[in-house]
Amino acid sequence: MKKLGILIASIFLSVQISAQSTSSEAKSLLDEVSTKMGAYKNMVIGFNSTLVNKEAGITNDPPIRGEITLSGEKYNLNYLGNNFVFDGKKLVVINADEKEVNITNGDLEEEDGFIYPSKLLTFYKEGYTYKMGALKNSKGRKIQFVDLTPIDSNSDIIKVQLGIDAKTKHIYKLVQIGSNGAETTFTITKFKSNQPISEKLFTFDKSKYEKQGYYID
């Protein structure tokens with residue numbers, strides 16, 4: 001019985017050490033990605049997004065396309081028919097179809113259980129535990145996935161899989177699985193860094209939209 005107890009303890013300890021090792025490896029990879037991508041003066045990222053909820057019979061096809069330009073905390077995002085402009089303090093959402101502009105203090109929140117494209121590079125820094133996931137091949141590229149689980153057990157997100165290009169150490173794909181069964185996937189289709197862009201890209205010209213008859217809230 002004593003030998004059996006020692007064997008069980010050894011197995012448990014081995015599993016625990018293995019879990020700590022994969023967690024440490026995942027953190028190291030995420031830190032490397034964050035350091036590399038965070039060092040760019042700016043990034044222009046094109047992406048496709050898909051939403052699948054088999055239980056509700058929802059599948060968006062073709063994928064929704066979007067593009068975001070990031071510079072530090074500032075960004076200009078075109079997504080879901082809206083233009084999101086964040087200057088580091090205020091967020092402006094421009095809806096061309098409705099000719100409406102909404103201005104709020106602060107950035108987009110994740111309270112609705114959705115990871116926005118503007119959060120793609122930073123969301124994992126707080127509120128998640130992580131471990132190394134599968135290594136997959138995508139069109140000749142090796143993609144290392146990291147599995148992230150929200151620390152908050154009441155989160156609307158139950159799991160996130162972050163795919164990282166093993167060669168460039170750039171984020172390639174994000175798969176978000178919700179508690180309602182919905183699976184949202186962002187796949188980066190274009191990536192450029194340190195581009196010659198104007199700071200006007202992150203500012204809102206109120207008079208321009210007033211002249212065009214937009215309702216500004």
Side-chain angles (χ1 to χ4, degrees), residues 30-51 60 62-112 114-126 138-139 141 143 146 160-165 167-176 184-212 214 216-217:
L30 291 175
D31 287 344
E32 186 177 0
V33 171
S34 179
T35 298
K36 182 168 185 178
M37 300 188 77
Y40 295 128
K41 184 178 179 181
N42 60 62
M43 291 175 284
V44 180
I45 300 172
F47 61 88
N48 287 337
S49 73
T50 60
L51 171 64
N60 69 284
I64 299 170
R65 295 182 179 181
E67 182 170 299
I68 183 168
T69 300
L70 291 151
S71 179
E73 293 184 350
K74 302 176 184 179
Y75 62 81
N76 186 306
L77 165 67
N78 288 297
Y79 184 56
L80 297 174
N82 294 309
N83 181 209
F84 302 80
V85 181
F86 183 61
D87 64 4
K89 294 181 180 179
K90 290 186 177 181
L91 174 67
V92 179
V93 182
I94 304 167
N95 186 319
D97 290 337
E98 301 294 332
K99 299 197 75 171
E100 289 184 354
V101 176
N102 182 263
I103 304 174
T104 56
N105 290 317
D107 198 356
L108 287 167
E109 299 291 340
E110 296 175 32
E111 294 177 356
D112 58 357
F114 183 74
I115 299 172
Y116 290 91
S118 60
K119 304 289 188 181
L120 193 61
L121 308 180
T122 58
F123 81 93
Y124 57 82
K125 292 185 177 182
E126 294 182 1
S138 177
K139 299 178 181 179
R141 300 165 65 183
I143 307 299
V146 176
V160 178
Q161 296 174 315
L162 192 64
I164 297 165
D165 188 308
K167 182 179 179 180
T168 64
K169 297 300 187 291
H170 288 167
I171 293 174
Y172 169 70
K173 179 174 287 189
L174 179 146
V175 182
Q176 173 187 308
T184 305
T185 302
F186 289 103
T187 304
I188 292 178
T189 57
K190 179 183 75 174
F191 181 89
K192 295 181 180 180
S193 61
N194 299 332
Q195 298 298 293
I197 60 174
S198 170
E199 276 295 311
K200 291 182 179 179
L201 191 64
F202 309 112
T203 59
F204 173 63
D205 187 345
K206 185 177 180 180
S207 61
K208 170 187 173 182
Y209 288 91
E210 285 179 332
K211 290 176 182 178
Q212 294 180 25
Y214 276 70
I216 300 176
D217 183 10

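The shown structure was predicted, so the numbers you read here are calculated from the model rather than taken from an experiment.
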Flag the pair Ile171 / Met37 as yes when at least one side-chain heavy-atom distance between them is below 4.5 Å, and no otherwise. yes
Restricting to non-hydrogen atoms, name the atom on Asn95 and the atom on Tyr214 that form the minimum distance, rounded to 0.1 Å. O-CE2, 3.7 Å
My understanding is that only residues two or more places apart in sequence, or in another chain, count here; which of them pass salt bridge (Lys or Arg N to Asp or Glu O under 4.0 Å) with Lys74? Glu199
Report the distance from atom NZ of Lys169 to atom NZ of Lys36, rounding to the nearest 0.5 Å. 7.5 Å
Separation of Thr104 OG1 from Leu91 CG (nearest 0.5 Å): 4.5 Å
All heavy atoms of Thr203 vs all of Val85, minimum pair found to be N-CG1, 4.0 Å
If you round to the nearest 0.5 Å, how far is CG of Asp165 from OG of Ser138? 9.0 Å
Please check this pair: side chain of Asn48 against backbone of Pro63, looking for a donor-acceptor N/O pair closer than 3.5 Å. no
Would you say that Ile216 contacts Glu210 through its side chain, given a criterion of any heavy-atom pair below 4.5 Å between the two side chains? yes
Ignoring hydrogens, what is the shortest heavy-atom contact between Glu73 and Phe86? Give both atom names and the distance. O-CD2, 3.2 Å
About how many Å separate NZ of Lys90 and CD1 of Ile103, when rounded to the nearest 0.5 Å? 7.0 Å
Closest contact, heavy atoms only, Ser49 versus Tyr79: OG-OH, 3.1 Å
Could you tell me whether a side-chain N or O of Asn78 sits under 3.5 Å from a main-chain N or O of Ile68, the two making a donor and an acceptor? no
Looking only at heavy atoms, what is the nearest atom pair of His170 and Tyr40, with distance? NE2-OH, 2.8 Å
Residues passing the ring pair (Phe, Tyr, Trp, His ring centres under 6.0 Å) test with Phe84, sequence neighbours excluded, are none
Using a 3.5 Å distance criterion without hydrogens, assess whether the side chain of Thr35 forms a donor-acceptor pair with backbone atoms of Asp31. yes
Examine the side chains of Ser207 and Asp205 and answer whether a donor and an acceptor come within less than 3.5 Å of each other. yes
Does the side chain of Asn42 come within less than 4.5 Å of Phe202's, by heavy atoms? no
List the atom pairs, donor and acceptor, that lie under 3.5 Å between side-chain atoms in residues 186-198 and the rest of the protein, sequence neighbours left out.
from, atom 1, to, atom 2, distance (Å)
Thr189, OG1, Gly46, O, 3.2
Lys190, NZ, Glu67, OE1, 2.7
Asn194, OD1, Lys41, N, 2.7
Gln195, NE2, Ser193, O, 2.9
Ser198, OG, Lys200, N, 3.1

Answer yes or no: does atom NZ of Lys206 have more than 12 heavy-atom neighbours from other residues, nucleotides or ligands under 6.0 Å? no
